[in-house]
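Notes to accompany the following structure.
Note that ligands are numbered from 1 as they come in the structure, with each ligand's atoms numbered from 1 the same way. Computed from a prediction, not measured in an experiment: that's the story for all the values here.
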Amino acid sequence: MPEVQDPAATRLAEHTTLRLGGPARRFVRATTDDELVAAVTAADDAGEPLLLLGGGSNLVVADEGFDGTVVQVATRGITADVDDGEVSCGGALVTVAAGEPWDDVVAHAVARDWAGIEALSGIPGSTGATPVQNVGAYGQEVAQTIAQVRTWDRHDRAWRTFAGADCGFAYRWSRFKAEPDRYVVVSVTFQLRAASLGGPVAYAELARTLGVEQGQRAPIAQVREAVLGLRAGKGMVLDAADHDTWSAGSFFTNPVLAAEQVPEGAPAYPQPDGTVKTSAAWLIDHAGFAKGYAVTPDAAASLSTKHTLALTNRGGARTADLLALARAVRDGVRERYGVELVNEPVLVGCSL
Ligand code: EPU
């Protein structure tokens, strides 16, 4: 299996969208499922700490790096079983290798009129990461279309395939996130509809951009373009020249609170169980952390100038700078509103 020896290439800053993180002690690149499982098993046999690396878009790695084996999931492949619609309702069962870049999958589906993931356009990262935190945006989340997830169970040392209904999906949550050291996602199978028209547009801002009423449908190619535009406006589409995109996307999840805990004037999205989801970005903004906020004027980490929920590296930042910013924001929101923000990215070798 190819072990990467070049010290520069084993620095995790080279592999994370925040461009932060020190070196890995050992760095292995797996390009097939068998290589992936062999690398994981070798580390487990040796009792060696293991970090699985996909697109690096949801990782905050310590400046000290990772004292163990990093396995880069570099598997590729999209295969589809397409029903022509003559007999049943038609659709595509699309199986994607974990290492496939997610937005390539969305583009592939939209180009073939396979509907169901178009609102998830422009999200950085790899496909194998999407079930772990049930990636969602603009009214869709992968839980709605995942038919099954194939995994390697490090605990039982066996292949295990979970049907979508058995993945424990909730807002930014799954059984894979609940047991972070157990499952290696190897491939994900999506059940998509054969349709050029998307489902009802659920997100108000997206409906406005498309010029339709909330709940109406729009062509999926237009949905993709509209989402890419909205995301770019918020600095949420990767662009090496734009430091606002040197981030891990939303740094905190949106808090789900008892209705009476939601601050006056904050966005409120009632949940089926009677709780209310509010907006972390709003809480941050109204606690006094405006777009572009930094702990000190010359700090190399700041809030994005386009969205308060993205913590960004302005170039030359260290992980310690980013963590100091995250702590200031978290503590400020707690003091102002009594709400404890929870980080969405995985912290490796560091904590808030
Ligand atoms: N807002 C502010 N200040 C800002 C930005 C936003 O006050 O600088 C307030 C506004 O009231 C706005 C509200 O926050 O209406 C919500 O903002 P937005 O519509 O941008 O969505 P979000 O809740 O901040 C979530 C996801 C994003 C996803 C968008 C669109 C989470 C943690 N974040 O953001 O996902 O793209 O909705 O669906 O659920 C990610 O998870 O990494 C991510 C980018």
Side-chain angles (χ1 to χ4, degrees), residues 16-18 54-60 102-103 106 117-126 129-144 169-174 177 198 201-210 214 223-224 226-238 244-257 262-269 271 276-293 302-312 326 329-330 332-333 336-337 339-346:
T16 56
T17 54
L18 272 165
S57 58
N58 204 43
L59 276 187
V60 179
W102 171 251
D103 194 52
V106 178
I117 53 176
E118 58 284 349
L120 305 177
S121 291
I123 296 178
S126 62
T130 62
V132 178
Q133 58 155 338
N134 183 18
V135 161
Y138 299 101
Q140 282 179 350
E141 53 183 26
V142 291
Q144 295 162 346
F169 287 131
Y171 168 64
R172 294 293 191 279
W173 192 256
S174 73
K177 190 163 169 178
V201 176
Y203 209 77
E205 186 186 32
L206 178 59
R208 267 198 308 279
T209 307
L210 286 162
Q214 217 175 326
V223 172
R224 175 169 170 77
V227 167
L228 286 173
L230 283 173
R231 290 190 67 95
K234 297 179 189 180
M236 296 285 187
V237 178
L238 296 184
D244 280 334
T245 75
W246 291 30
S247 80
S250 298
F251 195 88
F252 298 104
T253 52
N254 285 331
V256 180
L257 305 173
V262 177
E264 178 99 28
Y269 309 99
Q271 302 298 296
V276 176
K277 194 195 302 179
T278 188
S279 159
W282 188 96
L283 295 174
I284 292 168
D285 228 337
H286 289 75
F289 304 96
K291 296 183 178 88
Y293 169 86
S302 81
L303 298 186
S304 160
T305 69
K306 301 187 183 76
H307 202 292
T308 56
L309 199 44
L311 276 60
T312 64
V329 168
R330 180 203 55 190
V333 168
R336 176 76 178 80
Y337 293 111
V339 175
E340 190 72 24
L341 293 180
V342 175
N343 53 289
E344 183 184 293
V346 175

* Got a donor-acceptor contact below 3.5 angstrom from the Gln133 side chain to the Trp173 backbone? -> no

* Side-chain donor or acceptor of Ser174 paired with backbone N/O of Val132 under 3.5 Å -> yes

* Short N or O distance, Tyr269 and ligand 1, threshold 3.5 Å exclusive -> no

* Please state whether the rings of His286 and Trp282 are parallel, tilted or perpendicular, taking 30° and 60° as the class boundaries. => parallel

* To do: Calculate, to the nearest 0.5 Å, the distance between atoms OG1 and NZ belonging to Thr245 and Lys234 respectively.
  => 15.5 Å

* Asked: Would you say Arg172's side chain and Gly136's backbone share a donor-acceptor pair under 3.5 angstrom?
  -> yes

* Asked: Where the closest heavy atom to atom 18 (P) of ligand 1 is concerned, which of Arg172, Lys234, Gln133 has it?
  -> Lys234

* **Sub-3.5 Å N/O-N/O distance, His286 and ligand 1** => no

* Structure fact -> the protein heavy atom lying closest to atom 38 (O) of ligand 1 turns out to be Tyr138 N, 2.6 Å

* When rounded to the nearest 0.5 angstrom, what is the spacing between CG in Leu311 and OH in Tyr293? -> 10.5 Å

* Below 4.0 angstrom from a heavy atom of Lys291, which ligand 1 atoms are there? Numbered from 1 as shown, please. => 8 (O)

* Structure fact -> So the atoms of ligand 1 within less than 4.0 Å of a heavy atom of Pro267 turn out to be 11 (O)

* To do: Starting from atom 39 (O) of ligand 1, locate the nearest protein heavy atom and write down its residue, its atom name and how far away it is, to 0.1 Å.
  => Tyr171 OH, 2.7 Å

* Asked: Is there a protein heavy atom less than 4.0 Å away from atom 10 (C) of ligand 1?
  -> no

* Hey, is Ala137 touching ligand 1 through its side chain, its backbone, both or neither, going by heavy atoms under 4.0 Å? -> both

* **Polar contact flag for Lys306 and ligand 1 (N/O pairs, less than 3.5 Å)** => no

* Would one find an N or O of Ser250, backbone or side chain, under 3.5 Å from an N or O of ligand 1? -> yes

* Structure fact -> Taking only non-hydrogen atoms of Gly249 and a 4.0 Å limit, the atoms of ligand 1 in range are 42 (O)

* **Taking atom 14 (O) of ligand 1 as the reference point, the nearest protein heavy atom with its distance** => Ser279 OG, 2.8 Å

* **Which of the ligand 1 atoms, numbered from 1, are nearer than 4.0 Å to a heavy atom of Leu309** => 24 (O)

* **Distance in Å, Gln214 CD paired with Tyr203 OH, rounded so as to fall on 0.5 Å steps** => 10.5 Å

* Asked: What pair of heavy atoms forms the shortest contact from Val333 to Phe289, and how long is it?
  -> N-CE1, 4.3 Å

* Quick one: which of Phe252, Trp282, Phe289 has a heavy atom closest to atom 32 (C) of ligand 1? -> Phe252

* Structure fact -> Note: Asn254 and Thr278 closest approach over all heavy atoms is CB-O, 3.1 Å

* Structure fact -> Ranked by distance from atom 6 (C) of ligand 1, the top protein heavy atom is Ala281 CB, 3.5 Å

* Asked: So, for Leu303 and Ala290, which heavy atoms are closest and what is the spacing to 0.1 Å?
  -> CD1-O, 3.4 Å

* To do: For the pair Glu344 and Lys177, find out whether any cationic side-chain nitrogen is under 4.0 Å from an anionic carboxylate oxygen.
  => no

* Asked: For atom 22 (P) of ligand 1, what is the nearest protein heavy atom, given as residue, atom name and distance?
  -> Asn254 ND2, 4.1 Å

* Counting heavy atoms only, which part of Thr308 comes closer than 4.0 Å to ligand 1: side chain, backbone, both or neither? -> both

* To do: Could you find the nearest protein heavy atom to atom 3 (N) of ligand 1 and give me its residue, atom name and distance?
  => Asp285 OD2, 2.7 Å

* Asked: Which protein non-hydrogen atom lies closest to atom 24 (O) of ligand 1, naming both residue and atom, and how far is it?
  -> His307 CE1, 3.2 Å

* Indicate the atoms forming the closest heavy-atom contact of Asn134 with Ala143, along with that distance. => OD1-N, 3.0 Å

* Strictly under 4.0 Å, does any heavy atom of Arg231 approach an atom of ligand 1? -> yes

* Asked: For ligand 1, does Tyr203 get within less than 4.0 Å through its side chain, its backbone, both, or neither, judged by non-hydrogen atoms?
  -> side chain

* Ion pair Lys291/Asp244, N-O distance below 4.0 Å -> no

